[in-house]
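Note sheet for the following structure.
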Amino acid sequence: MAAVVFKAEDVTKTYVTGDVAVHALRGVDLELFEGELAVMLGPSGSGKSTLLNILGGIDTATSGSARFKDLDLTGQDERTLTFYRRNHVGFVFQFYNLIPSLTALENVALVTEIARDPMSPAEALELVALSDRANHFPAQLSGGEQQRVAIARAIAKRPEVLLCDEPTGALDSKTGVLVLDALMSVNRELSTTTAIITHNAETRKIAHRVFYFHDGRIARCETNETRLEPREIVW
Amino acid sequence: MKALDKKLLRDLRHIWTQVLAVALVMAAGVATILIAIGAHRSLDGTRNVYYERYRFADVFTSATRAPVSVVERILRIPGVSIAEGRIVKPVLLDIEGMSEPASGLAISLPPGRQPHLNALFMRSGRLPKADAGFEVVISESFAEAHRFTAGSKFKALLNGRKRELKVTGIALSPEYIYALGPGEFLPDDRRFGVLWMAEETMEAAFDLDGAINNVTIKLLKGASQPAVIAAVDRLLARYGGLGAYGRKDQASHEFLDSELQELEAMRNVLPPIFMIVTAFLVNMIMSRIIALEREQIGLLKAVGYSRSGIAWHYIKFVLCISAVGIMIGYGLGQWLGRGLTRIYAEFFRYPFLIFDSSTDIFLAAAAISATAGLAGASGSVWQAATLPAAVAMRPPAPVAYSSLFSRHLKVITAFNQVTRMTLRHMVRKPLRAGGTLLGIALSLSVLISSLFAFDSIDFMIDTLYFRTDRQHATLSFADDRHPRALQEAAHLPGVMRAEPARAIPARIRNGNKSRRIAVIGKPRNADMSLVVDLDIRPVKLPRQGLVISDKLASLLDATTGQYVTLELLDGKRRSVEVIVSAKVRSYIGLLAAMDLDALNEIAGDGPRISSVSLAIDTNRTDALYEKVKALPAVASITLQRVSLALFRDTLAQNIAMMMTVYTSLGVIIAFGVAYNSARIQLSERARELASLRVLGFTRQEVARILLNELAILTALALPLGWLGGYGLAWLTAQGLDTEVHRIPFIIDRDTYAWASVVLVAAVAVSALIVRLRINKLDLIAVLKTRD
């Protein structure tokens, strides 16, 4: 049995704007294990991103507890969360969030320069098969290539967890496959616990486990007996 | 209110700190325009009205002693409308509670009435009567300094006899708006006063029955002043006429002219700087706002707003910023204008002096500022107006950084990623980086040009009091004396050494250029009162020939080795050709000096002296004063120590005010530029910075990325600002370079350092404010939004 990386217990999150309170999470329990690839499905506003943000240390729970290994993520100060993100978490965003004034290689180096035990930026680009585009600026890369740079940037620090919020959301299917391939190979080769949020239900087939979100709760969880390769799924 | 106007107001409120920063720079521009033009008008306008109402004369002249009938003959000179004879005599004053003697200038008044020319504005009391003893009307500044009112009494030495004078009134005269005592170049209200006495009283006191020694003349419109002056000089020559002169050479008028000239210089230098910076800041803000509102502009166009409608919307935005700037500037201008008027009121004695803030100046200042703002915004507004709706609705093309910077600028690889980001960002927006750099540099320049006044004044004090006039005191005689007077002065109590000098009024001429000056004769081996060369080293006066100050040389277009004509207006009134043997330095007035013996020789009236420089035992000054107060020949005694203290006090006060204003202005520019630059960068790069925060960069690290650019630009701006400060200080020195005075152009290294410290502090504060906003970056929103 693999070790538990994330453990969420009865996590709630309420956003209050003026007189309106929005309950984004209404009590979520979840465990993610080392080396696991989890896919989170659900309609917009069902709470997937909120949970991911709490696990990633860029948002905090209103109540309940969220733990990363021995670290309680609830109630930590800003500085602790910053170093938690810096040392343990890799993020991949829907819109890549690359720095336009840095080349692909430099975007990766940006993170390796502050990480504790990073791989070399070139090695990270190699893992996402982008070595030949290393000296291109984001504006000179296709969307898929940009997202793979973002993945290289996320994994270069050898994070324990990789959190991906709609990593293929802005991409066509062919490019999406390449990105998912990159995520799967990282998960396989580095045993990085990976959570992927997606709207594309077919993507669930590449996961170990699938969490279905509905109305701020996890409605159900499925375990895949057999997993498909990204190129095998139908978009 | 239309929806679009509501949007406008909300947008303005949203970026109010930036609006305020721009508005402050604009306000500084408006204020400087208001002050410079307002003060100019106050001084000039009031002066004109005052001159007209109180019939300020056009031509002035004096003689040793002339019969009253000479006035009739002057009246017959073509072009003369009014001529009035009077008696003007220097007198020593002995005032209770004041050990040193004060100086006075006694002027006669016609019996029972105001003079036709240079009429008095009676602040209080009445004109003096002839038959009621020694009654006087005294100048207001002198009265205030001694708290004299009608009925007060003080003693004066009139032609060697001590008399008790009784004050009957307090008055102002257009002739003494700026009233200088003998040998002074700043008004000293305590030690100098003008006294008006009845003609009869003065005739009797000075043995001038039926005679006058001074004539004032009003010209007819269109009369030739030089022709009248020449005719008057011919008439008065035999009565010891000292040469007539026009208003240009009248001390009070000349000082006011010089002040007006300085205000013009200020008006020409400062407002343009503020307007340039304003235009740049508005440009920076508006281009950012329009970039942010690109999709909204597309939408507005899609629903049917016209190009002009969109353009007008953004023009209103600029006009709103301008309105804030103009209002603050107006308030600031009024406030500073009043402060300036208070300072002027100390120096310039007008019956009334109101800071002129007429609507037209205000409207002009407002129009100039709004134009600067609109000029800065024109590019962005045009872009917004002409952007096709379909294009505007799409997000802009991604920011393309060329690989040029990495391939060809190999040097960039020497830096870490964060520095590379900064450098590329700067290179990609060269105009903004350049503008920010220029703005910061300009602010440093303003700071240097204000702080340099200290260096300049220090240097001036050192030159004036410790290298040129090193005597303790100067004794001036009412009339030129035989050199025996030097021996007598040397034997006064407490006098250790005495050195003679003579001043002769003269016209100095080179071709068609001429000036009215006093030629000073000093002993060749002078030890106390010296002349210094352009490098402030003592000059040994040549046996023959004249040394003139570089200012006088440039006014006459004369150089060393050249002959100039010296028309002496005293002695035998000879006109001689003399060689200019050297150019020398002088900060006050126009200096022409020569060897005392040589001067006496060309004057032709035998050895004479008109003043004596003294080295005195400071423990025995009271005894010296007591003795001097009873010496009939003495017109005044000036003390270097007192004069220096006055100089320091007066200038310290003025410079403190000027420095506060200029330094604030410099800081406002620095703050406005740095704050807006950092804020706009934060707005443009918020997504980038928030992404870095999510990736694990601390706030500190992210702030460093953002503020790196500002730090680099500030560092680059320093040398540019030093250079600009040098230039601006030079311009300031030029503005203060008049015939009346000039200031040395000296900037110490400390000044550069201090100005830089103030600048860096101003930039740091604005950076700190922006730094606080980094804490508020929304880390979650950034993950869900496109660029």
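Residue numbering restarts at 1 for every chain, and letters A, B, ... go by the order of the sequence lines.
Of all the heavy atoms in B/E701 and A/I114, the pair that sits closest is OE2-CG2, 4.3 Å. Residues A/R85 and B/G696 share a closest heavy-atom pair of CB-CA, 4.1 Å.
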Practice problem: For A/I99 and B/L692, run side chain to side chain contact (heavy atoms under 4.5 Å, CB included): C-alpha distance rounded to whole Å, both residues' side-chain angles, the deciding distance at 0.1 Å, then the answer. | Solution: CA-CA 9 Å; A/I99 306 299; B/L692 291 174; 4.1 Å; yes

Exercise. Step by step, work out the side chain to side chain contact (heavy atoms under 4.5 Å, CB included) result for B/N775 and A/E78.
Key: CA-CA 10 Å; B/N775 297 353; A/E78 194 278 326; over 6 Å; no

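Here the CG-CG distance, from A/N97 to B/L695, works out to 8.0 Å after rounding to the nearest 0.5 Å.
Counting heavy atoms of neighbouring residues, nucleotides and ligands inside a 6.0 Å radius, atom NE2 of A/H199 exceeds 12 of them. Heavy-atom contacts from other residues, nucleotides or ligands closer than 6.0 Å to CD of A/E126 number 12 or fewer. Heavy-atom contacts from other residues, nucleotides or ligands closer than 6.0 Å to CZ of A/R26 number more than 12.
Side-chain contact between A/T82 and B/R693 is present, with at least one heavy-atom pair separated by less than 4.5 Å. For the pair A/R86 and B/T698, the minimum side-chain heavy-atom distance is below 4.5 Å. Side chains of B/R424 and A/L102 form a contact here, defined as non-hydrogen atoms less than 4.5 Å apart.
Contacts between B/Q700 and chain A at a heavy-atom distance below 4.5 Å are absent for every atom of the residue.
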